[in-house]
Amino acid sequence: GAGVSQSPSNKVTEKGKDVELRCDPISGHTALYWYRQSLGQGLEFLIYFQGNSAPDKSGLPSDRFSAERTGGSVSTLTIQRTQQEDSAVYLCASSLATTGVSNNSPLHFGNGTRLTVT
Amino acid sequence: KQEVTQIPAALSVPEGENLVLNCSFTDSAIYNLQWFRQDPGKGLTSLLLIQSSQREQTSGRLNASLDKSSGRSTLYIAASQPGDSATYLCAVSLFPYKLSFGAGTTVTVRA
């Protein structure tokens, strides 16, 4: 596709339920990132995948959060036993560079998934 | 932990006026600094990226400066237009891939 695709665009779930958020990066991009944007706050780094290397999971806020990337392409962010504080916009981004972002390989963001936990 | 602050939080100017957006960060050992634009309900669009060894980058009406020693960056937008209305985010990285974002400056350009 032309850009990073995220689905669903909106998700409303009840507290305690599990949710899965999907990200399709730009074809050929080896790096994939998940960020969380809460109302009135800056983006918060969650996890980073680079090729076949072990992901950097240091930003995941709790063990209820997990993510995987299958075949070096599509990624799924899973939140188990959702809480109201999990309500936010979850943004996925990808880039081409294998050594991080550069002027020749900027980050491309999807439009995000707006998660609301009631 | 890297803290990134953007001032002001919101800005409203008449069309044609120049815009000055400020970003400050606490740890000067950065890898690079980026400015992004975010439209309502959309993802982020990369505007400019300044490597730690650079002092500024320019693209069209946009110019971003970087002063690592003082932990500051400024984004200038010349001759603002209503289409420039958006939220502008500053992000710094201590590692090539891990960005710390500010909360953004929401800009409104009045026609």
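Just so it is clear, the structure is predicted and the values come from calculations on it, not from any experiment. Naming convention: chains lettered A, B, ... in sequence-line order (proteins, then strands); numbering from 1 in each chain.
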For [X], look at atom [atom1] and say whether over 12 heavy atoms of other residues, nucleotides or ligands are found less than 6.0 Å away.
X       : atom1 : value
A:Glu85 : CD    : yes
B:Arg37 : CZ    : yes
B:Arg61 : CZ    : yes

_Heavy-atom pair of closest approach, residues B:Leu89 and A:Gln37_ =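 Shortest heavy-atom separation between B:Leu89 and A:Gln37 comes out as CD1-NE2, 4.4 Å.
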
Should [X] and [Y] be counted in the same cluster of Ile, Leu, Val, Met, Phe, Trp and Tyr side chains packed under 4.5 Å apart?
X        : Y       : answer
A:Tyr33  : A:Leu60 : no
A:Phe109 : A:Tyr90 : no
B:Ile50  : B:Leu19 : yes
B:Tyr76  : B:Leu11 : no

Tell me, for [X] versus chain B, whether the close heavy atoms (under 4.5 Å) come from the side chain, the backbone, both or neither.
X       : answer
A:Gln6  : neither
A:Ser9  : neither
A:Leu91 : side chain

*Any sub-3.5 Å donor-acceptor pair from A:Tyr35's side-chain atoms to B:Leu99's backbone N or O?*
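Yes: the side chain of A:Tyr35 pairs with the backbone of B:Leu99.
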
*Distance in Å, A:Glu44 CD paired with B:Phe101 CZ, rounded so as to fall on 0.5 Å steps*: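 A:Glu44 CD to B:Phe101 CZ: 12.0 Å, rounded to 0.5 Å.
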
*Is it the side chain or the backbone of B:Gln38 that comes within 4.5 Å of chain A heavy atoms, both, or neither?*
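When you check distances to chain A, only side chain atoms of B:Gln38 fall under 4.5 Å.
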
*Close side-chain approach of B:Lys98 and A:Ser58, heavy atoms under 4.5 Å*: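 Side chain of B:Lys98 against side chain of A:Ser58, heavy atoms only: contact under 4.5 Å found.
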
*Residues B:Leu44, A:Leu107; criterion side chain to side chain contact (heavy atoms under 4.5 Å, CB included); working and verdict*: CA-CA 9 Å; B:Leu44 280 66; A:Leu107 278 179; over 6 Å; no

